[in-house]
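A note on names: the letters A, B, ... follow the listed sequences, proteins ahead of strands, and every chain is numbered from 1.
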Amino acid sequence: MYRTHTCGELRIENAGATVTLAGWVQRIRNLGGMTFIDLRDRYGITQLVFDENTTDELKQSIGQLGREFVLQVGGVVRERSSKNAKMPTGDIELAVQNLNILNSSVTPPFTIEEDTDGGDELRMKYRYLDLRRSVVRDNLILRAKIAHATRSFLNAHDFIETETPVMIKSTPEGARDFVVPSRMNPGEFYALPQSPQLFKQLLMVAGFDRYYQIVKCFRDEDLRADRQPEFTQIDCEMSFVEQEDVLNLFEEYMRHMFLEIKGIDIKELPRLTWNDAMATYGSDKPDIRFGMKFHDLTAIFGSDKVKFGHELFKVFVEAEYIGGICATGCAGYSRKQLDELTEFVKKPQVGAKGLVYIKYNEDGSFKSSVDKFYGPEQLKVVADDFAANPGDLILILSGDRMKTLTALCSLRLEMGSRLGLRDKDVFKPLWVIDFPLLEWNEEANRFTAMHHPFTSPKPEDIALLDTDPGKVRANAYDLVINGVEIGGGSVRIFNRELQSKMFKILGFTPEQAESQFGFLLNAFKYGAPPHAGLAFGFDRLTAMIAGLDSIRDTIAFPKNNSGRDVMNDSPAPISQEQLDELCLKLDLKEK
RNA sequence: GGUGAUGUAGUUCAAUUGGUUAGAAUGCCGGCCUGUCACGCCGGAGGUUGCGAGUUCAAGUCUCGUCGUCACCGCCA
């Protein structure tokens, strides 16, 4: 037996006990006559002490120790003469009687402490050392807890956890596929699933009624702080349910989760239609931790009241959309601060051409960047639309409607951050519903599915499919928390005729639909039940609950920005023999 | 594919207008130290300034190229 206790569990009650511990050397403090060693394992840190009672032989061996050596130590637990209130084991220490060096260690390239001196790149290269740090390990423990809470909730609601294949057929819709060559079928390839979508629908045809899986998915697209090429979904599907049933059940799941993991009651989730979300927040994933809602000022600036007696402001006259937000108490913003905001909205990623501000000063006067065109009476009309008070600052963008909404969304989030309104400890989830079914793809010159081709249109909008497809709303929904898309799903099409019509609108010939999705369409001939489902991004959910901006620290061995694993240096070339077996020939001239 | 930032000691960073021998902290090594817990004190070692060109009397600093890293846009049903 290597140990009787862990390094995190001994307390004052254990004083006098003879114990054996095992762990890593965190730090050695040699005071000359006595030496302290912090011994660390997953559970905590216990102080070892070597003093006047230590044998010469033992003193000899502690001289050889260094950081990250693996030790087994036996001795007696005793109360410290000077306690450390900052650590759980701070009342006791272990007076070491025997020491067994289980393994040595070279000096690690960075310090293995909560506040490490290691940069991201180094930490990833030595990820197994980084994972020894409690802050990183705690994120993975949290991840395990969320998985456990998810399984217990879904199991309790009769969901069957079912594995689906990882080597499947490539479908060109959606993201780029990762592909795997088949040796036994030369020239043919498997694809890794972007999601188990078709399989979970087939499980509904199979009568499983309720399915879930915590499952790896793969998308060969560029990475971001919140996007990895392989990521994990909590994937669910249910039969004989309507949208309302799905929203209610998974709202309960979310509440269960936050209560179990964070001890927070997130209350009833608000629901916002996609149209309202876009008009109010300029985003289909609004951060509703704070207000600062958009006001559409197009009509106001087009009205006689505001036009009267002044030269026309051409930018507004020509704008398809004029929208603004009101930043409470910001009228005192300096020229420099306003210039910063203007620079911010003009960045290419934000894309606005300029920024109009109206300061509603404390004394009730107005100062704006468009004073030349609008007098105080006109600006008051705008301020009144916001129900603004003296001391507030109104920020206005204008131009093409969708572009301006998106830019105003960035500005709102920026102001929210500047004003400290985006508290990581506050969680404001909501449902965004009634997404458009289709969106026009300029490049392909056709409609593509906004969600996926199996999403059902709202029954009352089906007639529009033939006349105005872009207006059709879907039975699709997203779960959004604090401005992050955490999950999404839809009610599926289970009727063959409707599914065929969808494929036709999406530009598939019957032959293409047959070759790509034939097995699903075929299955639908044999009595497919009405069904619906959704999936949550497990990495993002964990990052959200942990308060992290990047999902990397919720993943044990993540990829870097270029999709590489810098620890094992993959991807990597394969041998000519391997290529030959797969009948593959490389042509890297262009690269 | 694009935009921006960045690359200097094992590590995290500094280095003024292009100007002497590239510094600090931490880590590491040696010495001293009996209540430390970021122990303290003294001493020491440690550098291809990512790589390659160019400008210049002189380049860590300026220019070009290249490679890496990070963030974002495109992309991500």
Side-chain angles (χ1 to χ4, degrees), chain A residues 26-40 45-54 63 66-68 78-87 89-91 93 95 106-126 129 171-177 193-195 197-198 217-229 231 344 347-351 406-407 410 435-439 441-444 447-455 474 476 485 488-490 502 506 517 535 537 549-550 552 559-562 564 566 569:
Chain A
Q26 172 82 18
R27 195 181 284 275
I28 301 168
R29 290 181 294 279
N30 183 347
L31 275 63
M34 64 193 311
T35 298
F36 299 101
I37 293 178
D38 289 340
L39 193 70
R40 180 197 72 235
I45 288 175
T46 298
Q47 175 167 285
L48 312 179
V49 61
F50 301 83
D51 56 15
E52 70 271 10
N53 300 319
T54 303
R67 283 159 55 206
E68 302 308 316
R78 71 182 189 202
E79 184 174 2
R80 292 197 198 182
S81 59
S82 57
K83 299 189 169 58
N84 184 345
K86 284 186 274 185
M87 51 199 292
T89 62
D91 287 348
E93 64 195 356
V106 297
T107 305
F110 54 89
T111 59
I112 298 174
E113 291 164 6
E114 278 204 35
D115 284 317
T116 181
D117 61 6
D120 287 348
E121 200 179 344
L122 203 64
R123 287 175 45 214
M124 289 308 155
K125 185 167 180 191
Y126 298 92
L129 298 180
T171 55
E173 257 330 81
R176 208 173 281 119
D177 281 324
Q194 298 172 31
S195 92
Q197 184 61 34
L198 299 178
C217 301
F218 307 85
R219 291 178 192 175
D220 187 7
E221 298 294 345
D222 287 6
L223 291 88
R224 290 283 190 283
D226 63 349
R227 262 166 37 190
Q228 286 272 306
F231 61 100
F344 174 82
K347 282 195 302 186
Q349 302 96 295
V350 178
T406 312
S410 300
F435 275 76
L437 183 69
L438 304 163
E439 64 188 336
N441 184 322
E442 291 287 345
E443 211 174 304
F447 281 105
T448 53
M450 193 147 178
H451 190 55
H452 58 58
F454 317 104
T455 299
E485 182 193 330
S490 63
M502 272 300 294
L506 293 171
F517 306 110
D549 291 322
S550 167
R552 280 182 204 161
K559 306 275 189 286
N560 78 0
N561 229 14
S562 323
R564 299 197 68 86
V566 293
D569 197 27

Open item on the list: Let's test this: given Watson-Crick or G-U wobble pairing with both distances under 3.5 Å, identify the partner of B:C72.
Closed with: B:G2
TODO: Indicate yes or no: at least one non-hydrogen side-chain atom of A:Leu129 is less than 4.5 angstrom from one of A:Pro109.
DONE: yes
- [ ] With the side chain of A:Arg29 defined as its heavy atoms from C-beta on, choose the nearest nucleotide among B:C37, B:C28, B:U69.
- [x] B:C37
Open item on the list: Could you tell me how far B:G47 sits from B:A53 if I compare only their P atoms? Round to whole Å.
Closed with: 22 Å
TODO: Give one of base, sugar-phosphate or nothing for A:Glu93, where a contact means two heavy atoms less than 4.0 Å apart.
DONE: base
Task: Within-4.5 Å side-chain heavy-atom neighbours: A:Asn560 and A:Glu121 - done: no
Open item on the list: Can you tell me if A:Asn560 touches the phosphate of B:U69, counting only side-chain N or O atoms and a distance under 4.0 Å to OP1 or OP2?
Closed with: yes
- [ ] Would you mind telling me which residue lines up with the more 5' stretch of RNA chain B, A:Gly32 or A:Thr111, judged by nearest nucleotide?
- [x] A:Thr111
- [ ] May I ask you to say whether A:Asp222 pairs ionically with A:Arg227, meaning some side-chain N is under 4.0 Å from a carboxylate O?
- [x] no
Open item on the list: Just the rounded figure in Å: distance from P of B:G4 to CZ of A:Phe344.
Closed with: 17 Å
Task: Selected nucleotide, minimal atom distance to A:Arg27 side chain, candidates B:G27, B:G35, B:U11 - done: B:G27
Open item on the list: Between A:Glu79 and A:Asp91 (side chain of the first, backbone of the second, donor and acceptor by atom type, cut-off under 3.5 Å), is there such a pair?
Closed with: no
- [ ] Mind calculating the distance between CG (A:Leu48) and C1' (B:G35) to the nearest angstrom?
- [x] 15 Å
- [ ] For A:Lys86, answer base if it contacts any base atom (sugar-phosphate contacts may also be present), sugar-phosphate if it contacts only those atoms, and nothing otherwise; contact means non-hydrogen atoms under 4.0 Å.
- [x] sugar-phosphate
Open item on the list: So if I take every side-chain heavy atom of A:Arg224 and compare against B:U34, B:G10, B:G74, which nucleotide ends up nearest?
Closed with: B:G74
- [ ] May I ask you to say what A:Asn30 touches in the nucleic acid, namely base, sugar-phosphate or nothing, with a heavy-atom cut-off under 4.0 Å?
- [x] base
Task: Atom P, compared across B:C29 and B:C67: separation rounded to whole Å - done: 39 Å
Open item on the list: For a quick check of understanding: with a heavy-atom distance under 4.0 Å over all strands, which category does A:Lys83 fall into, base, sugar-phosphate or nothing?
Closed with: base
Task: Pairwise P distance, B:U49 and B:U8 [rounded to whole Å] - done: 11 Å
Open item on the list: With a 3.5 Å limit on both atom pairs, tell me what B:C64 is paired to, counting Watson-Crick and G-U wobble, or say none.
Closed with: B:G52
TODO: Could you check whether A:Arg123 gets within reach of a base, just the sugar-phosphate, or nothing at all, counting any heavy atom under 4.0 Å?
DONE: nothing
- [ ] Just name whichever nucleotide pairs with B:A24, Watson-Crick or G-U, keeping both distances under 3.5 Å, else none.
- [x] B:U12
Task: Listed nucleotide nearest any side-chain atom of A:Arg227, set B:G74, B:U34, B:C28 - done: B:G74
Task: Nearest to side-chain heavy atoms of A:Leu31, which nucleotide of B:U34, B:U69, B:C73 - done: B:U34
Task: Minimal non-hydrogen separation, A:Thr171 against A:Gln194, with atom names - done: O-NE2, 4.1 Å
Task: Over all atoms of both residues, closest heavy-atom pair of A:Met87 and A:Ile45 - done: CE-O, 3.5 Å
- [ ] Using a 4.0 Å heavy-atom cut-off across all strands, classify A:Thr448 as base, sugar-phosphate, or nothing.
- [x] nothing
Open item on the list: Just to be sure I understand the rule, does A:Phe110 reach a base, reach only the sugar-phosphate, or reach nothing, if contact means heavy atoms closer than 4.0 Å?
Closed with: nothing
TODO: Could you please name the option among B:C75, B:C37, B:U69 that lies closest to any side-chain atom of A:Asp222?
DONE: B:C75
- [ ] Take A:Phe454 and A:Glu79, find for each the nucleotide of RNA chain B with the closest heavy atom, and name the residue whose nucleotide sits nearer the 5' end.
- [x] A:Glu79
Task: P-based separation of B:G44 from B:C57 [nearest Å] - done: 40 Å
Task: Length of the line joining A:Ile28:CD1 and B:G27:C1', which is rounded to integer Å - done: 13 Å
Open item on the list: With a 3.5 Å limit on both atom pairs, tell me what B:G43 is paired to, counting Watson-Crick and G-U wobble, or say none.
Closed with: B:C29
Open item on the list: On the side chain of A:Arg78, is there an atom forming a donor-acceptor pair with the base of B:G35 - under 3.5 Å, no angle test?
Closed with: yes
Open item on the list: What is the separation between atom CZ on A:Phe36 and atom P on B:A38, rounded to the nearest whole Å?
Closed with: 13 Å
Task: Any donor-acceptor N/O pair under 3.5 Å between B:C76 base and A:Arg219 side chain - done: no
- [ ] Answer whether the closest heavy-atom distance between the side chains of A:Glu93 and A:Arg78 falls below 4.5 Å.
- [x] yes
TODO: From the options B:C37, B:U69, B:A71, select the nucleotide whose nearest atom is closest to the side chain of A:Glu121.
DONE: B:U69
Task: Euclidean distance for C1', B:U20 against B:G65 (whole angstrom) - done: 32 Å
Open item on the list: Taking any heavy-atom pair under 4.0 Å as a contact, classify A:Ser195: base, sugar-phosphate, or nothing.
Closed with: base
Task: Residue A:Asn84, side-chain atoms from C-beta onward, closest of B:U34, B:A71, B:C37 - done: B:C37
Open item on the list: What's A:Gln194 touching, base or sugar-phosphate or nothing? Going by heavy atoms closer than 4.0 Å.
Closed with: nothing
TODO: With heavy atoms under 4.0 Å as the rule, sort A:Arg40 into base, sugar-phosphate or nothing.
DONE: nothing
- [ ] Pick the P atom in B:G60 and in B:A9, then give their distance to the nearest Å.
- [x] 14 Å
TODO: Report which part of the nucleic acid A:Arg67 touches: base, sugar-phosphate, or nothing (heavy-atom distance under 4.0 Å, all strands).
DONE: sugar-phosphate
Open item on the list: Measuring only the C1' atom in each nucleotide, how far is B:G23 from B:U16? A whole number of Å is fine.
Closed with: 14 Å
TODO: Could you give the distance separating B:G40 and B:U21 at their P atoms, to the nearest angstrom?
DONE: 35 Å
Open item on the list: The side chain of A:Ala225 is closest to which nucleotide in this list: B:C70, B:C72, B:U69?
Closed with: B:C72
- [ ] Spell out yes or no: do the side chain of A:Gln47 and the base of B:U36 have one donor N/O and one acceptor N/O closer than 3.5 Å?
- [x] yes
Task: Closest nucleotide among B:C28, B:G35, B:U36 to the A:Ser81 side chain - done: B:G35
TODO: Would you indicate what A:Gly119 reaches in the nucleic acid, counting non-hydrogen atoms under 4.0 angstrom: base, sugar-phosphate, or nothing?
DONE: sugar-phosphate
Open item on the list: Tell me whether A:Lys125 at atom NZ has more than 12 heavy atoms from other residues, nucleotides or ligands lying less than 6.0 Å away.
Closed with: no
Open item on the list: So, does A:Arg552 get its side chain near the phosphate of B:A71, meaning an N or O under 4.0 Å from OP1 or OP2?
Closed with: yes
Task: A:Asn561 CG to B:U6 C1', straight-line distance once rounded to whole Å - done: 13 Å
- [ ] For the pair A:Thr116 (side chain) and A:Gly118 (backbone), establish whether a donor and an acceptor sit closer than 3.5 Å, ignoring hydrogens and angles.
- [x] yes
Open item on the list: Counting only side-chain nitrogens and oxygens, does A:Thr35 get under 4.0 Å of the OP1 or OP2 atom of B:U36?
Closed with: no
Task: A:Phe50 CZ - B:G35 C1' separation (whole Å) - done: 15 Å
Task: Rounded distance in Å - CD (A:Gln197) to C1' (B:C76) - done: 16 Å
- [ ] Check every strand shown and say whether A:Leu122 touches a base, only sugar-phosphate, or nothing at a heavy-atom separation below 4.0 Å.
- [x] sugar-phosphate
Open item on the list: Testing the basics here: between A:Leu506 and A:Pro453, what is the closest heavy-atom pair and its distance to 0.1 Å?
Closed with: CD1-CB, 3.6 Å
